Undergrad: 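Below is a structure I'd like to ask you about.
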Amino acid sequence: MILDGAGGASLTGYALALALAFVLRHQAPAGVLAGWLAVMSVLLVLRLVFFIRYRRARLSSVEAAVSRLYRPYTVTVGLFGAGWGCGGLLLFPEGSPLHQLALTFLVAGLTAGAVPILAADIKLFRGYILAALLPLTTQIFLEGGEVYAVLTLALLLYIFMLLMSAGKMHQALVSALETRFFNESLNRDLVAEIGQRQAAEEKLLRAKDRVEAASLAKSEFLANMSHEIRTPMNGILGTLQLLLHTHLDPTQKEYVAVSHASAQGLLAILNDILDFSKIEAGKLELEQIPFDLRETVAALTALFAEQSEKKQLTITTEIDDRVPATLLGDPGRVRQIIANLLSNAIKFTPAGTIAIRLQVLKTADDTSVIRLEVRDTGIGIEPRHLDRLFESFTQADGSTTRKYGGTGLGLTIVMQLCELMGGEIGVASTFGQGSSFWCDIPFATVVDGKGAGGRTGHGTAVQPLPAILHGQILLVEDNPVNQMVARRMLDRLGLEYRCANNGEEALALLDLHHFDLVLMDCQMPGMDGFDATRLRRKKEHEEGKPRTPIVAMTANAMKGDRERCLEAGMDDYIAKPVKLPVLQETLQRWLRHKISS
């Protein structure tokens with residue numbers, strides 16, 4: 001510490017010597033002042049020489065540099081302090097109290113500045129302080145008189161305080177060094193352990209990178225599979241929907257209905273697998289919009305009515321009067337929870353009744369915990385199978401899977417959705433008598449139907465729309481089968497349309513003709529739907545043209561696909577397979593002013 005601060009300390013001490021010489025240039029004898037300043041200059045040079053040699057030597061070995069140069073340097077420090085002490089005697093300005101005070105302050109300042117530097121060597125500091133201040137203190141005392149006696153006492157107290165401060169600082173340094181040396185062995189152990197941990201962390205990071213790469217590959221695979229499967233499924237379901245609205249004899253209608261139901265079942269399995277994968281990857285986001293839970297239950301009851309009637313089952317509903325009229329949540333996922341529970345109840349109930357029950361468990365502030373319960377009089381579940389019930393890809397036992405089918409993901413998805421909403425799931429079952437599944441979910445309540453979402457989602461089926469709509473539609477679709485299905489659906493709705501096979505053709509037709517709406521596929525050869533939409537929006541902005549509604553009609557149904565469409569400038573989003581009621585509802589919303597009376 002002392003050698004590292006030698007350069008600054010030496011120059012500061014010499015600067016104070018020059019200041020003293022300047023102040024006393026007319027008071028002190030010229031020869032004495034010049035001689036004193038010459039001695040201080042020589043001591044400065046010696047101190048700087050030792051400092052420079054130390055700086056060079058420490059580059060190769062700090063220990064060797066300190067061992068060789070510390071003692072000689074401390075000698076120059078002691079001589080420098082003695083030089084100030086001699087200066088206090090030789091240069092003391094007789095008869096000039098102001099200059100005497102200036103001399104005292106300069107020496108006091110010099111010694112105070114030495115505390116943080118020389119406290120590392122307490123003996124050196126004490127010698128330096130006493131050599132610099134005692135001669136001056138003695139000279140002031142010898143001047144005699146009350147003022148000088150008080151000044152002498154003040155200097156003695158000042159010396160005492162400097163020594164005490166340096167002593168405390170020295171003790172702190174010694175304590176720090178003792179702690180350091182005491183912990184050296186521990187530090188070595190820690191360094192070794194840190195090295196091991198770093199190696200382990202590097203392995204973990206590599207493993208994490210591999211997992212993230214695998215997760216990314218999985219997400220890309222799911223997105224691609226979703227697109228590739230939904231594209232032909234759109235052709236299958238769309239064609240079957242159209243067939244159901246044609247003139248068929250009873251046998252043909254039965255075959256088409258069975259095919260349509262089978263395709264819907266296949267799509268449900270696909271959606272279950274994709275939902276499970278998205279939840280597992282933490283990529284499923286929940287909406288927070290106002291919706292009516294009663295209407296959701298009513299719509300689901302109507303939806304499953306035909307299925308339950310075929311098995312001669314009765315579906316009843318029991319709704320607590322305290323259930324708020326409007327809740328804030330994700331109506332689509334709530335609908336999915338109840339639909340999965342209801343579908344399971346119908347599947348595993350040969351005869352009897354199924355009850356849907358909504359009950360308010362507790363209410364606090366603006367939140368209500370609501371139990372969504374589905375009870376049945378079905379086959380029930382053996383107690384030994386209850387703990388495996390919510391595991392992925394499992395059912396109660398192998399015979400259940402063989403007899404009733406299914407992926408075993410429905411209840412897993414219900415549990416995960418329930419937990420994402422901050423709720424809990426439970427089950428009670430008596431083998432051979434029936435089961436009861438419930439989800440206790442907290443919902444924020446909305447007063448007067450007003451909420452942050454700004455719209456109400458009832459989770460209901462699409463209401464019947466007018467048979468005929470009016471409007472010019474541009475259909476942009478590269479897949480021939482999907483293009484045919486979309487054309488027939490538009491024919492069914494009485495709409496006029498033109499077709500484009502890619503983004504370039506779509507932009508060309510938009511420049512030549514007026515269209516009330518564009519149905520835009522996203523993935524197409526050449527220019528895709530995203531680029532085509534961006535270019536169209538840019539042109540509308542630059543040329544001041546009215547905005548043409550563009551609705552994405554795409555097989556991309558993974559997380560973020562809807563947002564990506566909207567960011568590109570599209571106005572709405574329909575996922576394939578396209579259902580005719582959904583297409584009707586979307587066209588009604590965007591062609592509202594075109595609907596005939």
Side-chain angles (χ1 to χ4, degrees), residues 227 231 234 238 289 453-455 457 462 465-480 482-558 560-576 578-597:
H227 183 272
T231 297
N234 184 64
I289 61 175
R455 62 185 179 93
V462 178
L465 302 176
I468 301 298
L469 302 176
H470 285 236
Q472 288 282 346
I473 306 298
L474 175 59
L475 173 62
V476 189
E477 172 65 68
D478 67 298
N479 185 282
N482 289 336
Q483 189 180 105
M484 182 273 292
V485 170
R487 291 204 316 268
R488 296 296 172 260
M489 287 184 175
L490 294 174
D491 287 336
R492 173 80 183 167
L493 298 173
L495 289 164
E496 299 178 7
Y497 57 85
R498 286 177 177 266
C499 295
N501 295 303
N502 53 49
E504 291 95 336
E505 293 183 16
L507 293 177
L509 286 171
L510 284 168
D511 287 338
L512 294 174
H513 305 281
H514 167 75
F515 294 97
D516 298 296
L517 184 139
V518 179
L519 291 174
M520 180 77 75
D521 188 23
C522 291
Q523 292 190 2
M524 294 178 290
M527 183 184 293
D528 63 21
F530 299 112
D531 289 339
T533 301
R534 292 188 188 97
L535 290 173
R536 179 62 188 178
R537 294 303 184 219
K538 181 180 179 182
K539 187 167 187 177
E540 289 172 347
H541 176 72
E542 291 176 348
E543 299 182 5
K545 293 183 176 182
R547 183 184 177 97
T548 302
I550 300 177
V551 177
M553 193 165 63
T554 175
N556 293 325
M558 295 293 287
D561 289 328
R562 179 184 184 88
E563 290 72 16
R564 187 183 173 197
C565 292
L566 298 179
E567 287 174 2
M570 300 179 187
D571 300 287
D572 212 334
Y573 174 97
I574 301 176
K576 294 178 182 177
V578 178
K579 296 180 181 179
L580 184 57
V582 174
L583 181 61
Q584 283 181 308
E585 192 274 337
T586 304
L587 292 176
Q588 180 192 35
R589 184 163 61 252
W590 292 104
L591 299 175
R592 190 177 300 276
H593 62 288
K594 291 286 184 178
I595 298 177
S596 63
S597 59

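What you see is a predicted model, and the numbers here were worked out from it, not measured in a lab. We count residues from 1, following the sequence as given.
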Undergrad: Which heavy-atom pair separates R488 from Y497 by the least distance, and what is that distance?
TA: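 For R488 versus Y497, the nearest heavy atoms are NH1-OH, 4.1 Å.
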
Undergrad: Provide the closest heavy-atom pair for A568 versus R534 in the form atom of the first, atom of the second, distance.
TA: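 Smallest interatomic distance, heavy atoms only, reads O-CG, 3.5 Å.
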
Undergrad: Could you walk me through whether L474 and H513 satisfy the side chain to side chain contact (heavy atoms under 4.5 Å, CB included) test, starting with their C-alpha distance in whole Å, then the side-chain angles of each, then the deciding distance to 0.1 Å, before giving a yes or no?
TA: CA-CA 10 Å; L474 175 59; H513 305 281; over 6 Å; no

Undergrad: With the side chain counted from C-beta on, respond yes when D516 and H470 share a heavy-atom pair under 4.5 Å apart, and no when they do not.
TA: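 Counting from C-beta outward, D516 and H470 never come under 4.5 Å.
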
Undergrad: How long is the gap from CD on Q483 to SG on C499, to the nearest 0.5 Å?
TA: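 It comes to 4.0 Å.
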
Undergrad: Would you indicate whether the side-chain heavy atoms of V476 and M520 approach each other to under 4.5 Å?
TA: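 Answer yes - side chains close enough.
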
Undergrad: Taking side-chain contact (heavy atoms from CB on, under 4.5 Å) as the definition, give me every residue that meets it alongside D478, ordered by chain and number, with sequence neighbours left out.
TA: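 D478: side-chain contact (heavy atoms from CB on, under 4.5 Å) contacts with D521, M524, P525.
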
Undergrad: For side chain to side chain contact (heavy atoms under 4.5 Å, CB included), just list the numbers for E563 and L566, CA-CA rounded to whole Å, side-chain angles, deciding distance to a tenth of an Å, and then say yes or no.
TA: CA-CA 5 Å; E563 290 72 16; L566 298 179; 5.8 Å; no

Undergrad: Of all the heavy-atom pairs spanning N482 and N479, show the shortest one and how long it is.
TA: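 For N482 and N479, the tightest heavy-atom pair comes out as N-OD1, 3.0 Å.
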
Undergrad: Determine the minimum heavy-atom distance between T533 and G569, stating which atoms define it.
TA: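 For T533 and G569, the tightest heavy-atom pair comes out as CG2-C, 3.6 Å.
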
Undergrad: With a 3.5 Å distance limit and no angle check, can you tell me whether E540 reaches the backbone of T548 through a side-chain donor-acceptor pair?
TA: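 Yes.
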
Undergrad: Can you name the nearest heavy-atom pair linking A552 to C565, along with the distance?
TA: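 It is CB-SG, 3.7 Å.
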
Undergrad: For a side chain to side chain contact (heavy atoms under 4.5 Å, CB included) check, start with the C-alpha distance between L535 and L507, then their side-chain angles and the critical distance, and finish with the verdict.
TA: CA-CA 8 Å; L535 290 173; L507 293 177; 3.9 Å; yes

Undergrad: Evaluate the criterion side chain to side chain contact (heavy atoms under 4.5 Å, CB included) for residue pair E477 and L519; output intermediate values, then yes/no.
TA: CA-CA 8 Å; E477 172 65 68; L519 291 174; over 6 Å; no

Undergrad: Who are the side-chain contact (heavy atoms from CB on, under 4.5 Å) partners of L495, not counting sequence neighbours?
TA: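 side-chain contact (heavy atoms from CB on, under 4.5 Å) list for L495, sorted by chain: L469, I473, L490, L493, L587, L591.
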
Undergrad: Which pairs, with at least one residue in residues 498-514 and sequence neighbours excluded, count as a salt bridge (charged side-chain N to carboxylate O under 4.0 Å, His left out)?
TA: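 Every salt bridge (charged side-chain N to carboxylate O under 4.0 Å, His left out) pair that includes a residue of residues 498-514, provided the two are not neighbours, is D511-R536, D511-K539.
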
Undergrad: Can you sort out the partners of D571 under side-chain contact (heavy atoms from CB on, under 4.5 Å), two or more places apart, ordered by chain and number?
TA: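 With sequence neighbours excluded, D571 shows a side-chain contact (heavy atoms from CB on, under 4.5 Å) to R537, R547, P549, I550, W590, given in chain and number order.
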
Undergrad: Listed by chain and number, what are the salt bridge (Lys or Arg N to Asp or Glu O under 4.0 Å) partners of K545, not counting sequence neighbours?
TA: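 Residues passing salt bridge (Lys or Arg N to Asp or Glu O under 4.0 Å) with K545: E543.
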
Undergrad: Would you name the heavy atoms of F515 and L509 that are closest together and state the gap between them?
TA: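 The answer is CE1-O, 3.5 Å.
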
Undergrad: Looking only at atom types and distance, does a side-chain atom of D528 sit under 3.5 Å from a main-chain N or O of D531, one as donor and one as acceptor?
TA: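 Looks like yes, one N/O pair under 3.5 Å.
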
Undergrad: Do C522 and M570 come close enough that some side-chain heavy atom pair is under 4.5 Å?
TA: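 In contact.
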
